[in-house]
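No hydrogens, no waters, no symmetry mates; every other heavy atom, side chains included, goes into these values. Numbering of ligands and ligand atoms starts at 1, following listing order.
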Amino acid sequence: MRLTLGDFARSARTRLDPTVWDFFAGGAGEERTLAANVEAFDRWWLRPLVLRGAGRPETATAILGRAWDAPVAVAPLAFQTLVHPLGELATVRGTAAAARVPVVISTLAGRDIEELAAAGGGPLWLQVYCLRDRSMTRRLIERAEAAGFEALVLTVDAPHLGRRLRDVRNDFRLPPGIVPANLEGHDVGAPAAHARAEFAPDLDWSVVDWLRSVSALPILLKGILTDTDAVRAVEAGADGVVVSNHGGRQLDGVPATLDVLPEIAAAVAGRVPVLLDGGVRRGRDVLAALALGADAVLLGRPILHGLAVGAAQGVTDVLTILLDDLTDAMALAGLRTLADIGPQTVRSVAAGPPVGGSA
Ligand SMILES: Cc1cc2nc3c(=O)[nH]c(=O)nc-3n(C[C@H](O)[C@H](O)[C@H](O)COP(=O)(O)O)c2cc1C
Ligand SMILES: CC(C)CC(=O)C(=O)O
């Protein structure tokens with residue numbers, strides 16, 4: 001019986017080729033950051049308040065003026081046809097069956113943008129890897145906007161791919177036929193070499209103006225890890241930031257996203273939404289992220305695990321488990337709506353026993 005996202009991870013592992021598993025599961029370098037993302041959530045306890053009439057809590061929220069059923073969206077994840085032939089199509093349908101929340105479609109998606117927009121799912125956002133070929137990047141954005149995508153998520157932490165040692169050791173290559181469907185003529189082969197050849201390695205802050213000049217969609221910057229860059233993002237006109245270390249896949253040795261969230265939320269000071277990804281696996285993780293300043297979180301690898309186990313139904317199951325767990329945690333913590341969540345909702349494990357508490 002699969003009751004947790006960990007159960008889905010274990011089932012997925014038995015179904016996938018070990019080198020494909022390594023590509024999904026792995027991180028850069030010694031994977032310190034990868035491990036830290038998950039561990040960070042265990043450094044917080046929850047502080048429940050009783051007799052609050054919480055009943056069945058309401059998880060709905062609004063981000064960038066759009067209603068979401070819950071503060072959990074699907075992170076951009078490249079090459080989903082590697083997991084299941086339906087790839088992103090199953091993810092879009094499976095997500096919509098669980099909740100009305102956005103799915104962020106990767107620049108390196110395995111299915112056509114137009115096909116995904118026609119799939120009858122919920123809101124779609126486009127993740128942008130800005131390519132050396134700006135005209136191809138622009139065309140991708142224009143197609144997404146024409147198809148009804150609602151936001152752009154520019155990934156800012158990947159001038160090239162981090163050094164993922166599992167992939168180096170496995171000499172990992174995408175099988176023939178696994179291609180980025182929306183990048184005509186791109187035959188990826190080895191992902192790291194493809195990224196070195198095709199991603200713009202020299203982006204600076206002017207890229208935000210460029211994006212603004214080619215699209216009217218809201219622009220979020222994904223991969224912000226400092227208050228300095230969060231302020232810069234807001235000043236550059238970004239409509240939102242995603243606190244992310246790319247699931248530990250880029251620069252190993254950067255902190256867990258949850259650890260940098262408070263400084264970033266304080267610097268942004270409510271001017272734009274703050275999203276977070278990395279290591280979210282339980283309802284209480286969502287609570288902790290919101291308590292420490294996030295407006296919503298993105299879910300990464302567990303979506304791939306759901307896809308591997310049961311295509312669209314697997315994605316639905318993964319999201320349903322997480323959202324039921326969130327509702328359960330809110331009810332038990334006395335939180336009726338997301339507005340009840342704040343710094344008072346959590347307590348640092350490191351804080352030790354309360355001063356003056358009985359021994
Ligand atoms: C297999 C895989 C592919 C990914 N592809 C992309 C991508 O195309 N674009 C991007 O911005 N981030 C990509 N990411 C990073 C995720 O969007 C996200 O930041 C990360 O997975 C969140 O951490 P989690 O997996 O611990 O939930 C990818 C991550 C994985 C594991
Ligand atoms: C191969 C990619 C560019 C996708 C990926 O693995 C990532 O972004 O982490």
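Looking at R10 and D7, a side-chain N of the basic residue comes within less than 4.0 Å of a carboxylate O on the acidic one, giving a salt bridge. A salt bridge is defined here as a Lys NZ or Arg NE, NH1 or NH2 lying under 4.0 Å from an Asp or Glu carboxylate O, and D259 with R43 meets this definition. A salt bridge links R282 with D285; the closest basic N to acidic carboxylate O contact falls under 4.0 Å. Between D42 and R284 a salt bridge is recorded (basic side-chain N to carboxylate O distance below 4.0 Å).
A cation-pi arrangement is present between R249 and F23 under the rule of less than 6.0 angstrom and at most 45 degrees off the ring axis. A cation-pi arrangement is absent between R100 and W68 under the rule of less than 6.0 angstrom and at most 45 degrees off the ring axis.
In this pair, W21 and H305 present their aromatic rings parallel. The plane angle is below 30°, not in the 30 to 60° band. H246 and Y129 have parallel rings, their planes meeting at less than 30° on a 0 to 90° scale where 60° marks the start of perpendicular.
When heavy-atom distances to ligand 1 are checked against a 4.0 Å cut-off, H246 comes that close through both its backbone and its side chain. Of all the heavy atoms of V38, none lies under 4.0 Å from any atom of ligand 1, so neither backbone nor side chain is involved. Counting heavy atoms under 4.0 Å from ligand 1, residue A78 touches it through both backbone and side chain. When heavy-atom distances to ligand 1 are checked against a 4.0 Å cut-off, Q80 has no atom that comes that close, whether in backbone or side chain.
Side chain to side chain, E263 and T226 fail the donor-acceptor criterion of an N or O pair below 3.5 Å. Judged purely by distance below 3.5 Å, without hydrogens or angles, the side chains of N245 and T257 never pair a donor atom with an acceptor atom. Side chains of S215 and E145: a donor on one and an acceptor on the other come within 3.5 Å. Side-chain contact of Q250 with R164: a donor-acceptor pair under 3.5 Å is present, judged by distance alone.
A heavy-atom separation below 4.0 Å is found between L77 and ligand 1. The closest approach between Y129 and ligand 1 falls below 4.0 Å for a heavy atom of the residue.
Atoms of ligand 1 lying under 4.0 Å from at least one heavy atom of S244, given by number and element, are 19 (O). Remark: ligand 1 atoms within the under-4.0 Å shell around heavy atoms of S106 are 7 (C), 8 (O). The ligand atoms of ligand 1 that sit less than 4.0 angstrom from a heavy atom of T155 are 10 (C), 11 (O). The L304 neighbourhood of ligand 1 comprises atoms 1 (C), with distances under 4.0 Å to a heavy atom of that residue. Close approach of ligand 1 to R281 is summarised as follows: ligand atoms under 4.0 Å from at least one heavy atom of the residue are 24 (P), 25 (O), 26 (O), 27 (O). Under a 4.0 Å criterion applied to the non-hydrogen atoms of A75, ligand 1 contributes the atoms 17 (O). Close contacts between ligand 1 and D277 involve ligand atoms 18 (C), 19 (O), 22 (C) [criterion: under 4.0 Å to a heavy atom]. Atoms of ligand 1 lying under 4.0 Å from at least one heavy atom of G279, given by number and element, are 24 (P), 26 (O), 27 (O).
Considering backbone and side-chain atoms alike, R249 places every N or O at 3.5 Å or more from each N or O of ligand 1. For a threshold of 3.5 Å applied to N or O pairs, the pair formed by G300 and ligand 1 contains at least one separation below that value.
Screening L304, V179, V20, I178 against F79 for a side-chain contact (heavy atoms from CB on, under 4.5 Å) leaves a single residue, I178.
The shortest contact between atom 23 (O) of ligand 1 and any protein heavy atom is with G278 CA, 3.4 Å. Residue, atom and distance of the protein heavy atom nearest to atom 13 (C) of ligand 1 are P76 O, 3.1 Å. Residue, atom and distance of the protein heavy atom nearest to atom 1 (C) of ligand 1 are F24 CD2, 3.3 Å. In terms of protein heavy-atom proximity, atom 12 (N) of ligand 1 is nearest to K222 NZ, 3.0 Å.
Ligand 2 lies under 4.0 Å from heavy atoms of F23, A78, F79, L108, Y129, L161, R164, P191, F199, H246, R249.
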Test V241 against L275 for side chain to side chain contact (heavy atoms under 4.5 Å, CB included), laying out the working first. CA-CA 6 Å; V241 296; L275 277 52; over 6 Å; no
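Between the CD atom in E88 and the CG atom in D112 there is a gap of 10.0 Å [rounded to 0.5 Å].
Within 6.0 Å of CD in E30 there are 12 or fewer heavy atoms belonging to other residues, nucleotides or ligands.
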